[in-house]
Amino acid sequence: MANIQKLGVIGAGQMGNGIAHVAAQAGLTVVMLDVAEAALAKAVATITKNMDRQVQKGTLAAADKDAALARIATSTDYAAFKDCDLVIEAATEREDIKQKIFAALTPHLRADAIVATNTSSIPITRLAAATDRPGRFVGMHFFNPVPMMKLVEVIRGLATEDATVAAVAALAERMGKTVAFAADYPAFIVNRILLPMINEACFALQEGVGDIASIDAGMKLGCNHPMGPLELADFIGLDTCLAVLEVLHQGLGDSKYRPNPLLRKYVEAGWLGRKSGKGFYDYASTPPKPTR
Ligand code: NAD
């Protein structure tokens with residue numbers, strides 16, 4: 001499967017619609033599936049709005065936008081994937097949901113089709129083992145927002161074949177991305193390094209080493225990071241940060257990954273960051289006000 005032309009995307013949320021957007025813009029034919037028509041309509045509206053913004057900025061020609069949108073079809077029926085070369089699963093981060101999706105999907109696929117998952121934390125090897133094609137199963141981890149972020153981590157499960165890795169890496173490059181190859185260890189490369197830094201920022205906050213504004217200013221101005229670690233944690237979602245830390249802690253068994261108690265408290269309070277209106281910052285005012 002050297003040359004992927006027809007792509008299936010499962011899950012039309014923030015990641016799924018971004019993947020469909022970039023793939024269609026790169027010339028692929030895309031079929032996007034979700035549980036409900038409403039989710040698909042919303043995803044197409046989001047892609048249209050994001051492409052309109054590109055047209056306004058002059059980074060996409062209006063005719064190319066129309067052609068890209070015309071290459072995206074939607075369906076709630078797995079039969080729509082029957083001639084796909086590759087299907088990327090980007091549904092909710094729950095192993096039971098993903099397992100059910102693969103069981104429903106694979107009977108409809110060609111034998112040589114590749115299945116990829118965009119999971120941030122579930123072991124690729126374990127997901128692959130439950131399918132009919134562990135050799136043609138691979139992790140393809142995009143970053144949010146997909147049209148802006150240049151990286152794709154390609155994660156090889158224990159059984160993943162070289163040809164599978166080569167095919168998805170070539171596709172990521174056609175989509176304008178740069179590939180980082182990762183082995184199948186908890187949280188792969190980026191989150192393995194990023195989340196301990198965010199966790200350490202939470203410990204520094206809890207211990208009073210600095211307040212929120214000082215910690216974020218420190219890392220922005222002292223390390224040239226575009227966002228401070230606590231601001232970034234709010235952007236990712238504090239529940240997501242906690243979930244990735246749990247995966248690192250359980251998967252690697254090292255106490256250095258223990259999730260910070262203050263981070264856990266924020267999640268228990270429902271202060272999840274930007275998406276809930278409050279996290280380490282309160283987004284009710286502009287600029288957002290630190291909560292400590
Ligand atoms: P999201 O909540 O925005 O979207 C998930 C979508 O999956 C929803 O539209 C939901 O209706 C759909 N879905 C749920 N069950 C389904 C099923 N049985 N069949 C088909 N569709 C189903 O979530 P998201 O942020 O787009 O995350 C999706 C995946 O991408 C997760 O595995 C997540 O870990 C991963 N990921 C997320 C980020 C991020 O920053 N949000 C980054 C990289 C990877």
Side-chain angles (χ1 to χ4, degrees), residues 8-23 30-47 50 74-81 84 87-106 108 115-124 126-127 130 137-155 168 172 175 177 179-180 182 186-195 198 227 232-248 251 272-276 279:
V9 177
I10 299 177
Q14 46 179 347
M15 297 306 291
N17 80 57
I19 294 166
H21 171 149
V22 176
V30 181
V31 53
M32 196 167 41
L33 177 145
D34 207 296
V35 278
E37 291 288 354
L40 291 165
K42 194 171 156 217
V44 171
T46 301
I47 295 170
N50 291 341
T74 61
S75 179
T76 54
D77 182 353
Y78 285 99
F81 292 127
C84 282
V87 177
I88 303 177
E89 174 279 314
T92 307
E93 185 74 346
R94 272 185 36 198
E95 190 162 355
D96 57 334
I97 290 179
K98 294 189 191 287
Q99 300 278 17
K100 277 195 195 120
I101 287 172
F102 297 132
L105 165 70
T106 48
H108 293 279
V115 177
T117 174
N118 187 45
T119 181
S120 304
S121 62
I122 304 170
I124 305 303
R126 194 160 79 212
L127 287 173
F137 191 99
V138 66
M140 212 178 169
H141 187 217
F142 289 83
F143 290 77
N144 187 22
V146 180
M148 309 282 296
M149 300 297 279
K150 289 286 173 217
L151 187 73
V152 174
E153 284 179 314
V154 169
I155 305 114
V168 298
M175 290 169 74
K177 307 299 182 194
V179 172
F188 318 133
I189 296 172
V190 173
N191 287 337
R192 166 88 175 251
I193 297 170
L194 176 64
L195 268 297
I198 288 174
M227 289 170 107
L232 179 57
D234 273 3
F235 182 75
I236 296 169
L238 302 191
D239 52 340
T240 304
C241 290
L242 180 60
V244 177
L245 283 162
E246 304 273 24
V247 164
L248 283 167
L272 305 182
R274 274 174 194 256
K275 64 183 169 189
S276 70

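Fair warning: this is a prediction, and the values are worked out from it, not measured in the lab. When a ligand or atom number is given, it counts from 1 through the structure's own listing order.
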K.L.:
Between Asn118 (side chain) and Phe142 (backbone), is there a donor-acceptor pair under 3.5 Å?
P.N.:
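At least one qualifying donor-acceptor pair exists.
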K.L.:
Under 4.0 Å from a heavy atom of Thr119: which atoms of ligand 1 are those, numbered in the order shown and with their elements?
P.N.:
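What qualifies from ligand 1 is 32 (O).
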K.L.:
Short list, please: which atoms of ligand 1 are under 4.0 Å from a heavy atom of Ala90?
P.N.:
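Here the atoms of ligand 1 in question are 28 (C), 29 (C).
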K.L.:
Numbering the atoms of ligand 1 from 1, which are under 4.0 Å from a heavy atom of Ile97?
P.N.:
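Reading through ligand 1 atom by atom, the close ones are 15 (N), 18 (N).
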K.L.:
Is Glu93 reaching over with its side chain to a backbone N or O of Ser121, donor-acceptor style, under 3.5 angstrom?
P.N.:
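Answer holds: yes.
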K.L.:
I'd like to check whether Met15 has a polar contact with ligand 1, where a contact means an N/O of the residue lying under 3.5 Å from an N/O of the ligand.
P.N.:
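Yes, Met15 has an N/O under 3.5 Å of an N/O on ligand 1.
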K.L.:
Describe, in one word, how the ring planes of His141 and Phe188 are oriented to each other, choosing from parallel (under 30°), tilted (30 to 60°) and perpendicular (over 60°).
P.N.:
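His141 vs Phe188 ring planes: perpendicular.
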K.L.:
Looking only at protein heavy atoms, which one is nearest to atom 40 (O) of ligand 1, and what is the separation?
P.N.:
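Answer, as residue, atom name and distance: Asn144 CB, 3.3 Å.
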K.L.:
Under 4.0 Å from a heavy atom of His141: give me the atoms of ligand 1 that qualify, with their elements.
P.N.:
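Those atoms are 43 (C), 44 (C).
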K.L.:
Which of the numbered atoms in ligand 1 are under 4.0 angstrom from any heavy atom belonging to Gln14?
P.N.:
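Under 4.0 Å from Gln14, ligand 1 has these atoms: 3 (O), 24 (P), 25 (O), 26 (O), 41 (N).
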K.L.:
Quick check against the 3.5 Å criterion: does Glu153 have a side-chain atom that pairs as donor or acceptor with the backbone of Ile189?
P.N.:
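Between the backbone of Ile189 and the side chain of Glu153 there is a qualifying donor-acceptor contact (under 3.5 Å).
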K.L.:
Output yes when the distance from some N or O of ligand 1 to some N or O of Ser120 is under 3.5 Å, and no in every other case.
P.N.:
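Such a contact does occur with ligand 1.
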K.L.:
Quick check: does Lys98 get an N/O under 3.5 Å from an N/O on ligand 1?
P.N.:
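Yes, there is a polar N/O contact under 3.5 Å.
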K.L.:
Hey, is the main chain of Asn144 close enough, under 3.5 Å, to the side chain of Gln14 for a donor-acceptor pair?
P.N.:
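Here the side-chain-to-backbone pair does not exist.
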K.L.:
Give the intermediate values and the outcome of salt bridge (Lys or Arg N to Asp or Glu O under 4.0 Å) for residues Lys42 and Asp34.
P.N.:
CA-CA 11 Å; Lys42 194 171 156 217; Asp34 207 296; over 6 Å; no
K.L.:
Heavy atom under 4.0 Å from ligand 1: found in Phe143's side chain, backbone, both, or neither?
P.N.:
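Looking at Phe143 and ligand 1, no heavy atom falls under 4.0 Å.
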K.L.:
In the protein, what heavy atom is nearest to atom 29 (C) of ligand 1, and what distance, to one decimal place, separates them?
P.N.:
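Checking every protein heavy atom, the shortest distance to atom 29 (C) of ligand 1 gives Ala91 O, 3.3 Å.
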K.L.:
I need the contact type for Ile236 against ligand 1. Using non-hydrogen atoms and a strict under-4.0 Å cut-off, is it side chain, backbone, both or neither?
P.N.:
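Under 4.0 Å from ligand 1, Ile236 contributes no heavy atoms.
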K.L.:
How does Lys100 reach ligand 1, if at all, at less than 4.0 Å between non-hydrogen atoms: by side chain, backbone, both, or neither?
P.N.:
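Looking at Lys100 and ligand 1, no heavy atom falls under 4.0 Å.
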K.L.:
Any sub-3.5 Å donor-acceptor pair from Ser75's side-chain atoms to Asp77's backbone N or O?
P.N.:
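Pair found, side chain donor or acceptor close to backbone of Asp77.
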K.L.:
Once you round to the nearest 0.5 Å, how far does OG1 of Thr92 lie from CD1 of Ile10?
P.N.:
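The distance works out to 12.0 Å.
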K.L.:
At less than 4.0 angstrom from any non-hydrogen atom of Phe142, what atoms of ligand 1 do you find?
P.N.:
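In order of numbering, the contacting atoms are 42 (C), 43 (C), 44 (C).
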K.L.:
Do any nitrogen or oxygen atoms of Ile101 lie less than 3.5 angstrom from nitrogen or oxygen atoms of ligand 1?
P.N.:
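Looking only at distances, the answer is no, because the N/O contact criterion of under 3.5 Å is not met.
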K.L.:
Under 4.0 angstrom from atom 34 (O) of ligand 1, is there any protein heavy atom?
P.N.:
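It does; a protein heavy atom is within 4.0 Å.
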